[in-house]
Number of protein chains: 2
Amino acid sequence: MASARQITGPCQAWPQDSAFIREVLDRIGDKWTVLVVSTLNAGSLRYSDLHASIPGISQRMLTQTLKHLERDGLITRTAYAEVPPRVEYELTDLGRSLRDAVMAMAGWAAAHHSEIAGNRAASDLTGVGRGKAPASAG
Amino acid sequence: MASARQITGPCQAWPQDSAFIREVLDRIGDKWTVLVVSTLNAGSLRYSDLHASIPGISQRMLTQTLKHLERDGLITRTAYAEVPPRVEYELTDLGRSLRDAVMAMAGWAAAHHSEIAGNRAASDLTGVGRGKAPASAG
DNA sequence: CGGAATCCAGCGGGATACTG
DNA sequence: CAGTATCCCGCTGGATTCCG
């Protein structure tokens, strides 16, 4: 899928691996995946439970996200052939490892989000303030 | 929202914090941010250097990504008022900490991407194969 | 060189309606 | 209950053009 990239910089050890990151990022990039995984952290849940636990999600997005997660082996889908249909979803070991990884990101976010918010507010106050203007060394 | 259930894992207190994660994910969710940060890992770079180092990016996206990163205090922008305009971008400490966090995700991706690919392929072969069908206890 | 502004195609994703 | 199918709108983001 991805073509080999030519990197000009001196330290280009990990950009090649960005293909992997891209895959993961494309998955956790959409907000629903993270929400679904975090909700499934509570254990095995039914479709309606997930739908109720995740406020803004539509059936379309919930179904799609679940299929993607199942396809990647991050969750298991168990359908009970009962009169009132029942389907339960649960995180796999792989899914739990993803959850851990995302939680690490969440840790970083929690640790720095105030600093980022501060920077953003300051940058907003400075308004159009561009970068610093050092001596123009011709 | 979610009814109290039996939790398999020790921690279920993070869905509330998902607001923080969302912010970060919205930022690193678009592929360009990660690429730009990883490229800036090489040190201070000019606009044109970045543009050349990141194959598929457009000026629009590069500029936008850089502004966002600067706004959040993840990079610094230094404009030299010379005859041929020159602007350099560099990661801040905060930006480097983000890079570390993203590299952690990259580590997870590298460790499990083959497994995920395998699961996906298997799920593709199984085709329409739905979830397992346990005894219909009705 | 380093951007800003404009235009426009693609598709992500919400709302709705229907099915098994 | 647990989806599937359809429509359709808004945003993302690429290509192009112009400016300091």
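None of the values given here were measured: they were computed from a predicted structure. Because only heavy atoms are used, hydrogens play no part in the values below, and waters and symmetry mates are left out as well, while side chains stay in.
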Can you classify the ring geometry of Trp108(A) versus His112(A) as parallel (below 30°), tilted (30 to 60°) or perpendicular (above 60°)?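 The arrangement is tilted - the two ring planes meet at 30° to 60°.
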Rounded to whole angstroms, how far apart are [atom1] on [X] and [atom2] on [N]?
{"X": "Leu62(A)", "N": "dG3(D)", "atom1": "CG", "atom2": "P", "value": "8 Å"}
{"X": "Asp26(A)", "N": "dG13(C)", "atom1": "CG", "atom2": "P", "value": "11 Å"}
{"X": "Leu66(A)", "N": "dG13(C)", "atom1": "CG", "atom2": "P", "value": "15 Å"}
{"X": "Ile54(A)", "N": "dA2(D)", "atom1": "CD1", "atom2": "P", "value": "14 Å"}
{"X": "Leu45(A)", "N": "dA2(D)", "atom1": "CG", "atom2": "C1'", "value": "15 Å"}
{"X": "Ile57(B)", "N": "dA15(D)", "atom1": "CD1", "atom2": "C1'", "value": "14 Å"}
{"X": "Tyr47(B)", "N": "dA4(C)", "atom1": "OH", "atom2": "P", "value": "8 Å"}
{"X": "Gln64(B)", "N": "dG13(D)", "atom1": "CD", "atom2": "P", "value": "7 Å"}

Residue [X], side-chain atoms from C-beta onward, closest of [options]:
{"X": "Met61(B)", "options": "dG13(C), dG13(D), dG3(D)", "value": "dG13(D)"}
{"X": "Lys67(A)", "options": "dG20(C), dT4(D), dG2(C)", "value": "dT4(D)"}
{"X": "Tyr89(B)", "options": "dG3(C), dG13(D), dG3(D)", "value": "dG3(C)"}

Given DNA chain C, 5'-ward residue of the pair Arg60(B) and Ser48(B), judged by closest heavy atom: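 Mapping each residue to its closest nucleotide by heavy atoms, the 5'-most match is Ser48(B).
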Quick check on DNA chain D: between Gln59(A) and Pro85(A), whose nearest nucleotide comes earlier from the 5' end?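 The answer here is Pro85(A).
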Can you find a heavy atom in the side chain of [X] that is under 4.5 Å from one in the side chain of [Y]?
{"X": "Leu91(A)", "Y": "Arg99(A)", "answer": "yes"}
{"X": "Tyr47(A)", "Y": "Thr63(A)", "answer": "yes"}
{"X": "Leu66(A)", "Y": "Val36(A)", "answer": "yes"}

